[in-house]
Amino acid sequence: MSAPLLPGVGAHGGLIALGVMGGGQLGRMFVHAAQQMGFATVVLDPDAHSPAGLVSHKHIQTAYDDPQGLAQLAQYAVAVTTEFENVPAPALRQLAAQRPVAPSADAVAIAQDRAAEKAHFDRCGVPCAPYAVIASDTQLAEVPDALLPGILKTARLGYDGKGQIRVANRAELAAAWDELKRVPCVLEQRLQLLDECSVVVARGADGALVHLPPQRNLHRDGILAVTEVFEENLPQALAESAVSAAKSIAIGLQYVGVLCVEFFVVPDGKGGTRLVVNEMAPRPHNSGHYSIEACDVSQFDLQVRTLAGLPLPQPRQHSPAIMLNLLGDIWGPNGENPPWDRVLALPGAHLHLYGKLSARPGRKMGHLTLTAPTVAAVRANALAAAALLGIAPF
Ligand code: ATP
Ligand code: MG
């Protein structure tokens, strides 16, 4: 175990800096957490207006695989993390030759590929939806009937339901694979979802492992819409098995960093319910944003701590919370802003806007977390906020 990287002034007379690959909203919230703790930050992202680049001490504007950009990042940062799973694994390997990198290139490479990810879940003994890999005509022909109706998903580069096509039969499957340009895909059986949930865990290089309370998630059109976190948001036994499955998945990867595992709740065929794992994200997750205000340590604080080798006390949620995603759809046709003043009049409303300049349907522009002393109050305020914003009730 190497010594922890403490925030403050380094031997060079400047602040010790933490680096992040990617400048989206997750990177921005990592930067905020790192800066709060006294670190300087450096973001690598090609976009001049990236949400994280805008608030970081330093922003390196190169491609993710640019050797010079990566060399600059390694020179300035004492350790490097990532905020999106599609960062090229070779870039993380280049960085790791010089600096601690968490999560590791190997763990990210598994999370980037649905086929490798599912094989990992199998190895950990955590069930996922029945599936088949389709990367050749033979595999396409050999797909078992039991997987239909199904969802064809590209093995790589999908997010927010992109790169996914629902198929009812073999003809649709063949057409969908053509539409996805015959890239390697997985076909998943379409499950009857009773619910969805996710768990954020954080694991240190010393093996310390902590978790945030399981989140209950509502998706609309393949995009996370609402996350609810409070006691009894999920049956106790399901919540416990989600936490232990997420922990086995992290341990199986020898993971260092913050990992979010998404689950489906499905009928068990015996009148009860069971969990199947959907996918994992090797980073903080949209469903964990509530932890910023509702927990004593947020998922971004955990990312800073795991990266710097700092202690990981078990987080505690101190307020019931509901998070509403703010998609571009709620802006007016000419970019008119939603009525933030009215939303902010609600007690316990915490508005996060990511600094994106143009609102497009489906684009994640920000999120709103509501906290309250009771579940009834947080629900009432979240529904009031949704009504003000034109978000359908839940
Ligand atoms: P993100 O990375 O943003 O979470 P994604 O593009 O990786 O999304 P998935 O998590 O695979 O997408 O799927 C998005 C949503 O689509 C799920 O949360 C779920 O609501 C629905 N879905 C996905 N797979 C299945 C399935 N096998 N059966 C039923 N519904 C599914
Ligand atoms: Mg998902």
- Query: Yes or no on side chain to side chain contact (heavy atoms under 4.5 Å, CB included) for F263 and E196, after CA distance, side-chain angles and deciding distance?
  - Reply: CA-CA 6 Å; F263 299 91; E196 296 191 60; over 6 Å; no
- Item | Evaluation steps, side-chain hydrogen bond (donor to acceptor under 3.5 Å, both in side chains), between Q68 and Q72 | CA-CA 6 Å; Q68 279 179 353; Q72 238 187 310; over 6 Å; no
Decide yes or no for [X] and [Y]: does some side-chain heavy atom of the first lie under 4.5 Å from some side-chain heavy atom of the second?
X	Y	result
Q303	Q299	no
V108	V87	yes
I322	F230	yes
L44	Y64	yes
V256	S104	no
E83	R283	no
D45	Q61	no
L253	I110	yes

Using modelled atom types only, decide if a donor and an acceptor are shared between the side chain of [X] and the backbone of [Y] within a distance under 3.5 Å.
X	Y	answer
Q317	S319	yes
N325	L224	yes
E142	Q139	no
D122	A119	no
E85	A281	no
T306	R203	no
R190	A168	no
H49	L54	no
E336	N334	yes
N233	P214	yes

- Query: Between H289, H352, H32, which is the residue that forms a ring pair (Phe, Tyr, Trp, His ring centres under 6.0 Å) with F300?
  - Reply: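 When ring pair (Phe, Tyr, Trp, His ring centres under 6.0 Å) is applied between F300 and each of H289, H352, H32, only H289 qualifies.
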- Message: When you compare the side chains of S298 and S291, does any donor N or O come within less than 3.5 Å of an acceptor on the partner?
- Response: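 No, no side-chain donor-acceptor contact under 3.5 Å.
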- Pair T227-N217, side-chain donor/acceptor within less than 3.5 Å: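 Judged by distance alone, the side chains do pair up.
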To the nearest 0.5 angstrom, please state how far the [atom1] atom of [X] sits from the [atom2] atom of [Y].
X	Y	atom1	atom2	value
I151	C185	CD1	SG	12.5 Å
L324	I330	CG	CD1	8.5 Å
L5	R99	CG	CZ	9.0 Å
L351	D341	CG	CG	11.0 Å
L368	L389	CG	CG	6.5 Å
W340	L353	CH2	CG	5.0 Å

- Derivation and outcome, side chain to side chain contact (heavy atoms under 4.5 Å, CB included), residues Q35 and L15: CA-CA 10 Å; Q35 292 179 346; L15 289 179; over 6 Å; no
- Ring centers of Y290, H367 separated by less than 6.0 Å: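 No, they do not, as the ring centres are separated by 6.0 Å or more.
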- Less than 6.0 Å separating the ring centroids of F39 and F30?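 Here the rings of F30 and F39 have centres that are no less than 6.0 Å from each other.
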- All pairs passing salt bridge (Lys or Arg N to Asp or Glu O under 4.0 Å) where residues 308-319 contributes a residue, at least two apart: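 Of all non-adjacent pairs touching residues 308-319, those that pass salt bridge (Lys or Arg N to Asp or Glu O under 4.0 Å) are D296-R316.
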- Would you indicate whether Q75, at its atom CD, is surrounded by more than 12 heavy atoms from other residues, nucleotides or ligands within a distance under 6.0 Å?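 Incorrect, the count does not exceed 12.
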- Over all atoms of both residues, closest heavy-atom pair of I391 and R220: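 Closest approach of I391 to R220, heavy atoms only: CG2-NH1, 3.7 Å.
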- Message: Taking salt bridge (Lys or Arg N to Asp or Glu O under 4.0 Å) as the definition, give me every residue that meets it alongside D106, ordered by chain and number, with sequence neighbours left out.
- Response: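 D106 satisfies salt bridge (Lys or Arg N to Asp or Glu O under 4.0 Å) with R93 only.
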- Message: Taking salt bridge (Lys or Arg N to Asp or Glu O under 4.0 Å) as the definition, give me every residue that meets it alongside D113, ordered by chain and number, with sequence neighbours left out.
- Response: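 With sequence neighbours excluded, D113 shows a salt bridge (Lys or Arg N to Asp or Glu O under 4.0 Å) to R156, given in chain and number order.
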- side chain to side chain contact (heavy atoms under 4.5 Å, CB included) assessment of I165 paired with V167: CA-CA 6 Å; I165 301 179; V167 293; 4.3 Å; yes
- Task: Evaluate side chain to side chain contact (heavy atoms under 4.5 Å, CB included) for L212 paired with V199, printing each intermediate quantity in order.
- Result: CA-CA 7 Å; L212 294 176; V199 177; over 6 Å; no
- Run through V266, L234, L238, D268 and flag the one making a side-chain contact (heavy atoms from CB on, under 4.5 Å) with T273.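 Single pass found, and it is L238.
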- Presence of salt bridge, R360 and D329, under 4.0 angstrom: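 No.
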- Cation-pi check, K364 to Y354: give yes when NZ or CZ is under 6.0 Å from the six-membered ring centre and within 45° of the ring axis, no otherwise.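 No; the conditions do not both hold, so K364 does not lie above the ring face of Y354.
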